[in-house]
Amino acid sequence: MRLIFIASLLAVGLAVAAQPAHAKGVRMFVRHDVTDYPAWRKVYDSFKPTQKKLGVTAQAVYRSIDNPNDITVIHDFATLEAAKAMVASPELKAAMETSGVAGAPTIWFTTPTGARSAEANGVRMYVRHEVADYAAWRKTYDAFDVTRKKMGVTAQAVYRSADNPNDITVTHDFKTAEAAKAFAASPELKTAMEQAGVTNAPQIWFTNRAAK
């Protein structure tokens, strides 16, 4: 696993070198499993001064409702260049190794398409999928807003991948896990996704913002 993890970081590092910085207001998502959350959190919190030195302007941690060792972390940066430089840094590599990250993390870089949601204190549902055409998808997504609210969505935000603008991450906030899971399983959402041109099986996971 450690070899896979190191290879993953090297691949991201090569991507950093190959791509220019052009995005402003970048949100980096990191999703990975950890062997022990309290041990991981101790290392993560001790790493915050280094995060700031590497350009992190804001951060938050979310734990999966279904697996509390499945962690989603967000880091905000002023530029894409700063975000990718942090991922390629030896400091981050060392912190992940010592904190007990299990397997290769999934890391992706995005730009918001509107205002970012405040960090959730209820349940945050993450959805990541690819679409055939962003403009067509967005029209259907916006038209679905009334139905979303009726089904319990209290806030949402949309992010486009900095590397593939048809790779979309959406967050939906709910008051309860039951409401979030009912929304995810609803025929209304299934129909909207089909009409919007979602091209792959969406990744959907449910989280709470993590306490320290």
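Residue numbers count from 1 along this sequence.
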Next item on the list: Please examine the side chains of Asp163 and Lys84, heavy atoms only from C-beta on, and report whether any two atoms are closer than 4.5 Å.
Entry: yes
Check: What residues, two or more places apart in sequence or in another chain, satisfy side-chain hydrogen bond (donor to acceptor under 3.5 Å, both in side chains) together with Thr113?
Finding: Arg138
Notebook entry, point to check: Any sub-3.5 Å donor-acceptor pair from Thr207's side-chain atoms to Arg63's backbone N or O?
Noted result: no
Next item on the list: Would you please name every residue forming a side-chain hydrogen bond (donor to acceptor under 3.5 Å, both in side chains) with Thr169, sequence neighbours left out?
Entry: Trp108
Checklist line | Non-neighbouring partners of Thr140 that pass side-chain hydrogen bond (donor to acceptor under 3.5 Å, both in side chains), sequence neighbours left out | finding: none
Checklist line | With Thr72, the side-chain hydrogen bond (donor to acceptor under 3.5 Å, both in side chains) member among Tyr62, Tyr126, Trp205 | finding: Trp205
Item checked: Separation between CG of Asp33 and OG of Ser64, rounded to the nearest 0.5 Å -> 9.0 Å
Note to self: Under the salt bridge (Lys or Arg N to Asp or Glu O under 4.0 Å) definition, can you give me all pairs with a residue in residues 121-132, not counting sequence neighbours?
What the structure shows: Glu119-Arg124, Arg124-Asp173, Arg128-Asp167
Next item on the list: In plain terms, say whether Lys42 and Asp36 are close enough for a salt bridge, that is, a side-chain N and a carboxylate O under 4.0 Å apart.
Entry: no
Margin query: Which heavy atom of Pro112 sits nearest to which heavy atom of Gly25, and what is that distance?
Written below: CD-O, 3.1 Å
Notebook entry, point to check: Does Val153 sit in a hydrophobic cluster with other residues, and if so which ones, taking ILVMFWY side chains as linked at heavy-atom separations under 4.5 Å, directly or through other members?
Noted result: Ile65, Val123, Met125, Val127, Val131, Tyr134, Trp137, Tyr141, Phe144, Met151, Val158, Ile168, Val170, Phe174, Phe183, Leu189, Met193, Val198, Ile204, Phe206
Item checked: Val30 versus Pro105, closest heavy-atom pair with distance -> CG1-CB, 4.2 Å
Next item on the list: Side-chain contact test, heavy atoms from C-beta onward, threshold under 4.5 Å: evaluate it for Phe29 versus Tyr159 and give yes or no.
Entry: yes
Notebook entry, point to check: Between Gln59 and Gln51, does a side-chain contact (heavy atoms from CB on, under 4.5 Å) hold up when you go through it step by step?
Noted result: CA-CA 9 Å; Gln59 54 78 36; Gln51 287 177 4; 3.8 Å; yes
Notebook entry, point to check: Side chains of Ile71 and Tyr37: does their closest heavy-atom pair fall under 4.5 Å?
Noted result: yes
Checklist line | Which residues share a salt bridge (Lys or Arg N to Asp or Glu O under 4.0 Å) with Arg148, sequence neighbours left out | finding: Asp145
Notebook entry, point to check: Between Thr35 and Trp40, is any pair of side-chain heavy atoms under 4.5 Å apart?
Noted result: no
Checklist line | Minimum heavy-atom distance between Ala83 and Phe77, given as atom pair plus value | finding: CB-CD1, 3.5 Å
Notebook entry, point to check: Who passes side-chain contact (heavy atoms from CB on, under 4.5 Å) against Thr50, sequence neighbours left out?
Noted result: Phe47, Leu54, Glu91
Check: Any donor-acceptor pair under 3.5 Å linking the side chain of Asn208 with the backbone of Ala210?
Finding: no
Next item on the list: Could you list all the salt bridge (Lys or Arg N to Asp or Glu O under 4.0 Å) pairs where at least one residue sits in residues 50-59, not counting sequence neighbours?
Entry: none
Item checked: Intermediate values then yes/no, side-chain contact (heavy atoms from CB on, under 4.5 Å), Met28 and Val87 -> CA-CA 9 Å; Met28 181 178 86; Val87 170; 3.2 Å; yes
Check: Which pair of non-hydrogen atoms, one from Ser46 and one from Val43, has the smallest distance, and what is that distance?
Finding: OG-O, 2.7 Å
Note to self: When you compare the side chain of Arg27 with that of Thr111, does any pair of heavy atoms fall below 4.5 Å?
What the structure shows: no
Next item on the list: If a pair satisfies salt bridge (Lys or Arg N to Asp or Glu O under 4.0 Å) and one of its residues is in residues 175-188, list it, with sequence neighbours excluded.
Entry: Asp66-Lys181
Check: Atom CG in Leu92, atom CE in Met86: separation rounded to 0.5 Å?
Finding: 5.0 Å
Next item on the list: With sequence neighbours left out, write down each residue that passes salt bridge (Lys or Arg N to Asp or Glu O under 4.0 Å) with Arg209, or none if nothing qualifies.
Entry: none
Item checked: Shortest non-hydrogen separation from Val26 to Leu80 and the atoms involved -> CG2-N, 3.4 Å
Check: Nearest 0.5 Å, what's the CG-CG distance between Asn200 and Asn166?
Finding: 11.0 Å
Margin query: My understanding is that only residues two or more places apart in sequence, or in another chain, count here; which of them pass side-chain contact (heavy atoms from CB on, under 4.5 Å) with Ala94?
Written below: none
